[in-house]
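Here is how names work: the chains are called A, B, and so on, in the same order as the sequence lines, proteins then strands, and each is numbered from 1.
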Amino acid sequence: MKQALHTLIVTTLHTLQVRGEIAPFDEASIKIELPRDKSHGDFASNVAMLLAKPNALNPRVLAQKLIDAFPVTEWLVSAEIAGPGFINFRVAAEAKFAVLAQVFQKQSDYGRVNLGEGRLVQVEFVSANPTGPLHVGHGRGAAYGSALVSVLRHAGYQVEAEYYVNDAGRQMDILTVSVWLRYLALCGEQVTFPSNGYQGDYIITTARALLTEQGDGLRAQAQAVFANVSEDQVLDDAGNVLRGDKEQHIDDIIVNARALLGADKYRLILDRVLHDILSDIKEDLSEFGVHFDNWFSERSLMDTGVVDAALERLQANGQLYEQGGAIWFRSTDYGDTKDRVVVRDNGIKTYFASDIAYHYNKLARGYDKIINIWGSDHHGYIPRVRGAIKAMGEDDARLMVLLVQFAVLYRGTEKAAMSTRSGQFVTLRELREEIGTDATRFFYVMRRCDQHMDFDLDLAKSKSNENPLFYIQYAHARCCGVFAQLAVKGYAHWQAQDGLAQLALLTEESEAELAQKLAQFPEVIAAAARDSEPHQVAYYLKDLAHLLHSYYNNTMLLVDDDDVRTARLTLIAATRIVLANGLAVLGVSAPERM
RNA sequence: GCGCCCAUAGCUCAGCGGAAUUAGAGCAACGGCCUUCUAAGCCGUAGGCCAGAGGUUCGAAUCCUCUUGGGCGCGCCA
């Protein structure tokens with residue numbers, strides 16, 4: 001409908017332009033909107049005010065000129081000038097309900113639009129380090145990312161969802177040693193666990209599995225493990241460091257572990273714990289309704305020489321230099337605050353080097369657009385990554401970085417502390433089990449991702465009926481309930497074709513409103529995709545559910561008059577489809593009864 | 001100190017790269033509505049100097065600048 005009005009205005013403007021009455025204009029800038037106040041009509045346009053200035057005409061005069069030039073259209077009831085120069089439109093009732101036929105024709109595809117025209121987009125999200133279970137902080141990125149993927153797919157983009165697995169580097173060594181020390185303890189060795197080790201129960205679980213599978217084949221004497229190891233950090237009651245260095249301490253243990261175990265056994269432990277944690281993460285995400293097409297390994301970048309290739313490319317472009325034994329990238333040439341090390345003086349490549357390689361690889365894969373969803377704490381990272389892309393001679397416009405703000409967790413009024421190292425965190429799994437996967441997802445997706453967010457665990461748990469998700473799901477269940485009652489009451493089976501023939505009987509204001517809302521759904525999907533804002537879909541569904549509830553409460557649907565009943569059921573059936581489609585986009589279920 | 005994000009009702013948040021003398025929801029508060037399709041609902045009342053101050057214009061919660069208040073980031077860590 002909006003589209004039809006837009007076309008009408010544009011073609012009419014072209015007519016005026018040909019006649020030389022107005023100057024050329026930008027079609028895309030002409031907006032059709034829904035008036036806030038229904039008494040103003042069904043639609044409104046600001047076109048006259050927009051074009052007033054370039055044509056040196058009074059907006060109202062221009063509006064009148066435009067209206068006079070409109071061709072005769074049967075669905076257009078009236079076009080009036082209002083206020084400073086708005087044009088208010090009223091359309092025929094039939095036109096408002098025309099959307100219903102479309103909904104039935106497209107069914108679960110209603111809402112799909114072709115904004116993306118099949119363009120290939122990659123969305124990388126979550127990418128939490130595989131050093132422990134996902135915690136609630138990852139939940140927001142997971143929910144937002146998967147909803148965005150879904151929205152983009154509905155908007156006609158071809159999307160690949162990817163998880164970047166940081167399975168290389170020092171933290172993998174710390175992880176390995178953490179498991180090994182737990183294993184040694186299980187073997188009966190007297191070991192003191194490093195303060196910087198990973199302390200979660202999952203570490204012990206893997207250690208136990210290794211003990212079962214390997215017996216004492218990985219055992220070493222505690223004395224040897226801690227030989228020449230510098231002192232671990234010692235804290236006073238206030239948490240100040242009295243002496244020792246936890247980083248050096250664990251690094252020393254790592255050196256000993258490598259020597260005592262040998263490369264193969266060391267790798268065996270590393271692979272085992274990595275596998276266990278990754279399996280857990282995959283299962284967790286899957287249960288959360290988050291699915292990835294690719295799990296991309298950082299280690300594979302090193303193994304296949306991509307890191308070297310990327311660095312060579314930078315070298316060839318003269319973007320690297322050596323200083324103090326390290327190799328630096330001139331990121332300041334690209335707006336970064338300082339140059340960054342890519343290879344340390346000990347020869348080890350930095351995480352940033354991997355990341356350059358990763359983006360190098362992504363760009364080579366030929367995506368039209370690459371979307372990175374990062375936690376807001378990574379914002380300082382953007383300039384150097386963009387810089388690296390440009391320095392490699394690529395177009396950084398292909399990269400879009402979306403930052404997800406932290407969700408601050410509260411238990412009542414108390415902040416819930418999170419730390420993977422200490423093992424004291426609320427896991428995403430715990431959260432899902434407590435308040436439900438649907439509610440968790442919806443709660444996260446409802447909010448704009450760039451908005452700080454308070455997540456009160458007690459509230460979410462104890463008063464889950466406050467969650468607007470139930471409001472929407474209930475609307476869906478009610479629609480289903482009506483059809484269940486239809487059979488119970490012995491009325492004839494409803495059919496879409498019969499209903500579509502009776503739409504003239506939908507004369508109530510609330511019915512027209514509901515139908516117009518249904519017509520908006522594809523636009524909402526398009527807008528959500530354009531703005532990368534899945535929450536727009538959530539708010540749309542809230543509005544739609546409200547109209548449904550209101551209609552349901554004020555209008556008897558299962559009336560004796562066959563034609564009226566059939567007509568109303570048609571509206572309900574279409575509403576149910578749109579509610580279900582919308583909920584599916586957000587990855588939450590649409591229950592038939594509650 | 002520098003940079004990024006943010007500030008809207010008691011609380012949690014919308015407000016589509018500006019518009020029609022009344023800024024919206026939900027929750028919390030108050031008052032109505034179940035002998036008819038699910039009351040996890042509906043209808044109504046109350047509640048806001050859109051952090052503050054300037055600026056741009058026909059018009060600013062929305063754009064610009066500054067101030068205040070909060071989150072985060074500024075390693076040869078990952």
Side-chain angles (χ1 to χ4, degrees), chain A residues 29 31 33 35-37 40 44 46 49-50 52-53 59 82-86 88 129 131 166 168-172 174 247 298 323-328 336-338 340-352 354-355 375-383 403 405-406 408 443 446-448 450-456 459 463-475 477-486 488-489 491 523-524 526-528 530-531 533 535-536 538-539 542-543 545-546 548-559 565 568-569 572 593-594:
Chain A
S29 66
K31 294 274 168 15
E33 41 200 36
R36 218 179 301 160
D37 187 340
H40 290 137
N46 62 348
M49 286 183 291
L50 215 61
K53 223 167 212 174
F86 286 95
N88 292 336
N129 290 335
T131 53
N166 292 117
R170 192 171 84 108
Q171 62 182 349
M172 284 298 105
I174 296 176
E247 305 292 347
E298 178 186 1
Q323 190 181 67
I327 297 178
W328 300 69
D336 199 0
T337 50
K338 56 170 290 191
R340 307 288 170 177
V341 172
V342 289
V343 183
R344 291 199 266 160
D345 57 6
N346 61 9
I348 294 174
K349 297 179 185 78
T350 60
Y351 172 83
F352 179 46
S354 295
D355 229 44
S376 61
D377 55 333
H378 282 69
H379 66 79
Y381 214 72
I382 299 173
L403 298 175
Q405 293 292 327
F406 285 168
V408 184
F443 202 94
M446 257 187 68
R447 265 73 190 200
R448 312 174 48 102
D450 57 0
Q451 189 70 269
H452 296 276
M453 160 180 177
D454 291 341
F455 200 131
D456 186 332
L459 186 78
K463 297 173 140 187
S464 58
N465 60 319
E466 282 182 13
N467 195 308
L469 167 66
F470 295 105
Y471 184 78
I472 298 166
Q473 288 183 321
Y474 185 44
R478 271 186 152 175
C479 291
C480 296
V482 173
F483 284 91
Q485 276 300 310
L486 181 71
V488 170
K489 295 198 171 181
Y491 287 117
E523 298 163 24
V524 170
R530 183 196 61 211
D531 304 334
E533 293 183 348
H535 79 274
Q536 291 187 26
Y539 276 86
K542 261 169 77 173
D543 287 348
H546 172 69
L548 184 279
H549 284 309
S550 184
Y551 179 51
Y552 183 97
N553 270 282
N554 296 308
T555 310
M556 191 61 198
L557 305 171
L558 298 177
V559 292
R565 186 181 66 244
R568 289 181 179 167
L569 285 175
I572 297 297
R593 68 186 60 174
M594 292 175 71

**Q** Can you tell me how far C1' of U36(B) sits from CG of Leu486(A), to the nearest Å?
**A** 15 Å
**Q** Assign Ala484(A) to base, sugar-phosphate, or nothing according to its heavy-atom contacts below 4.0 angstrom with the strands shown.
**A** nothing
**Q** Give me syn or anti for C63(B), where syn covers glycosidic angles within 90 degrees of 0.
**A** anti
**Q** Given atom CG of Leu548(A) and atom P of C37(B), what is their separation to the nearest angstrom?
**A** 16 Å
**Q** Could you tell me the separation between the CD1 atom of Ile572(A) and the C1' atom of U38(B), rounded to a whole number of Å?
**A** 13 Å
**Q** Write out a two-atom table: protein N or O, nucleotide N or O from nucleotides 73-76 of chain B, distance below 3.5 Å.
**A**
{"residue": "C76(B)", "atom": "OP2", "partner": "Lys338(A)", "partner atom": "NZ", "Å": "3.3"}
{"residue": "C76(B)", "atom": "O2", "partner": "Asp345(A)", "partner atom": "N", "Å": "2.7"}
{"residue": "C76(B)", "atom": "O2", "partner": "Asp345(A)", "partner atom": "OD1", "Å": "3.1"}
{"residue": "C76(B)", "atom": "N4", "partner": "Gly324(A)", "partner atom": "O", "Å": "3.1"}

**Q** C43(B) P sits how many Å from Tyr551(A) OH, rounded?
**A** 15 Å
**Q** Quick one: list whatever passes ring pair (Phe, Tyr, Trp, His ring centres under 6.0 Å) with Tyr551(A), sequence neighbours left out.
**A** none
**Q** Which residues pass the side chain to side chain donor-acceptor pair (under 3.5 Å) test with Asp531(A), sequence neighbours left out?
**A** Gln536(A)
**Q** Of all heavy-atom pairs between Gln323(A) and Trp328(A), which one has the smallest distance, and what is that distance?
**A** O-NE1, 3.1 Å
**Q** Can you tell which of C42(B), C77(B), A39(B) lies closest to the side chain of Tyr552(A)?
**A** A39(B)
**Q** Is any side-chain N or O of Asn88(A) under 3.5 Å from a base N or O of A20(B), one able to act as donor and the other as acceptor?
**A** yes
**Q** In whole angstrom, what separates Phe470(A)'s CZ from A40(B)'s P?
**A** 13 Å
**Q** Heavy atoms from C-beta onward define the side chain here; which of A40(B), C37(B), C42(B) lies closest to that of Met556(A)?
**A** C37(B)
**Q** Taking atom P in both C6(B) and C66(B), what distance in whole Å separates the two?
**A** 16 Å
**Q** Can you list the residues that meet the side chain to side chain donor-acceptor pair (under 3.5 Å) rule with Arg447(A), with sequence neighbours excluded?
**A** none
**Q** Taking atom P in both U62(B) and G17(B), compute the distance separating them and give it to the nearest angstrom.
**A** 14 Å
**Q** For G26(B) versus C63(B), give the span between their P atoms, rounded off to a whole number of Å.
**A** 26 Å
**Q** Using a cutoff of under 3.5 Å, can you pull out all pairs of nitrogen or oxygen atoms linking the protein to nucleotides 60-64 of chain B, with atom names and distances?
**A**
none

**Q** Nearest to the Leu557(A) side chain among C37(B), C43(B), G41(B), which nucleotide is it?
**A** C37(B)
**Q** Could you tell me which residues satisfy side chain to side chain donor-acceptor pair (under 3.5 Å) with His546(A), sequence neighbours excluded, listed by chain and number?
**A** Tyr471(A)
**Q** For Arg170(A), enumerate each residue passing the salt bridge (charged side-chain N to carboxylate O under 4.0 Å, His left out) test, keeping only those at least two apart in sequence or located in another chain.
**A** Glu247(A), Asp251(A)
**Q** Taking atom C1' in both C58(B) and C11(B), what distance in whole Å separates the two?
**A** 38 Å
**Q** Is there any protein nitrogen or oxygen under 3.5 Å from a nitrogen or oxygen in nucleotides 14-17 of chain B, and what are the pairs?
**A**
{"residue": "A14(B)", "atom": "OP1", "partner": "Arg448(A)", "partner atom": "N", "Å": "2.9"}
{"residue": "A14(B)", "atom": "OP2", "partner": "Gln451(A)", "partner atom": "NE2", "Å": "2.8"}
{"residue": "G15(B)", "atom": "OP1", "partner": "His535(A)", "partner atom": "NE2", "Å": "3.1"}
{"residue": "G15(B)", "atom": "OP2", "partner": "Arg448(A)", "partner atom": "NH1", "Å": "3.2"}
{"residue": "C16(B)", "atom": "O2'", "partner": "Arg530(A)", "partner atom": "NH2", "Å": "2.7"}

**Q** Identify, with sequence neighbours excluded, every residue that meets side chain to side chain donor-acceptor pair (under 3.5 Å) alongside Asp355(A).
**A** none
**Q** For G48(B) and G24(B), measure between their P atoms and round to the nearest Å.
**A** 14 Å
**Q** Let me know the distance between CG of Asp355(A) and C1' of C77(B), rounded to the nearest Å.
**A** 13 Å
**Q** So, using salt bridge (charged side-chain N to carboxylate O under 4.0 Å, His left out) as the criterion, who are the partners of Arg565(A) when residues are at least two apart?
**A** Asp562(A)
**Q** Please give the distance between the P atoms of C27(B) and C42(B) as a whole number of Å.
**A** 8 Å
**Q** Distance check needed: C13(B) P versus Phe443(A) CZ, whole Å only.
**A** 8 Å
**Q** Using the side chain to side chain donor-acceptor pair (under 3.5 Å) definition, which of the options Glu533(A), Gln405(A), His535(A) pairs with Arg448(A)?
**A** Glu533(A)
**Q** C49(B) and U8(B): how far apart are their C1' atoms, nearest whole angstrom?
**A** 12 Å
**Q** Applying ring pair (Phe, Tyr, Trp, His ring centres under 6.0 Å), name anything that partners Tyr552(A), two or more places apart in sequence or on another chain.
**A** none
**Q** In whole Å, I'd like the distance from the CZ atom of Arg478(A) to the P atom of C37(B).
**A** 11 Å
**Q** Side chains of Gln171(A) and Asn166(A) only: does a donor on one sit below 3.5 Å from an acceptor on the other?
**A** no
**Q** Roughly how far apart, to the nearest Å, are G75(B) and A29(B) at atom P?
**A** 50 Å
**Q** Which stems, defined as runs of 3 or more consecutive Watson-Crick or G-U wobble pairs with both pairing distances under 3.5 Å, involve RNA chain B?
**A** B:1-7 with B:68-74, B:10-13 with B:24-27, B:29-33 with B:41-45, B:51-55 with B:63-67
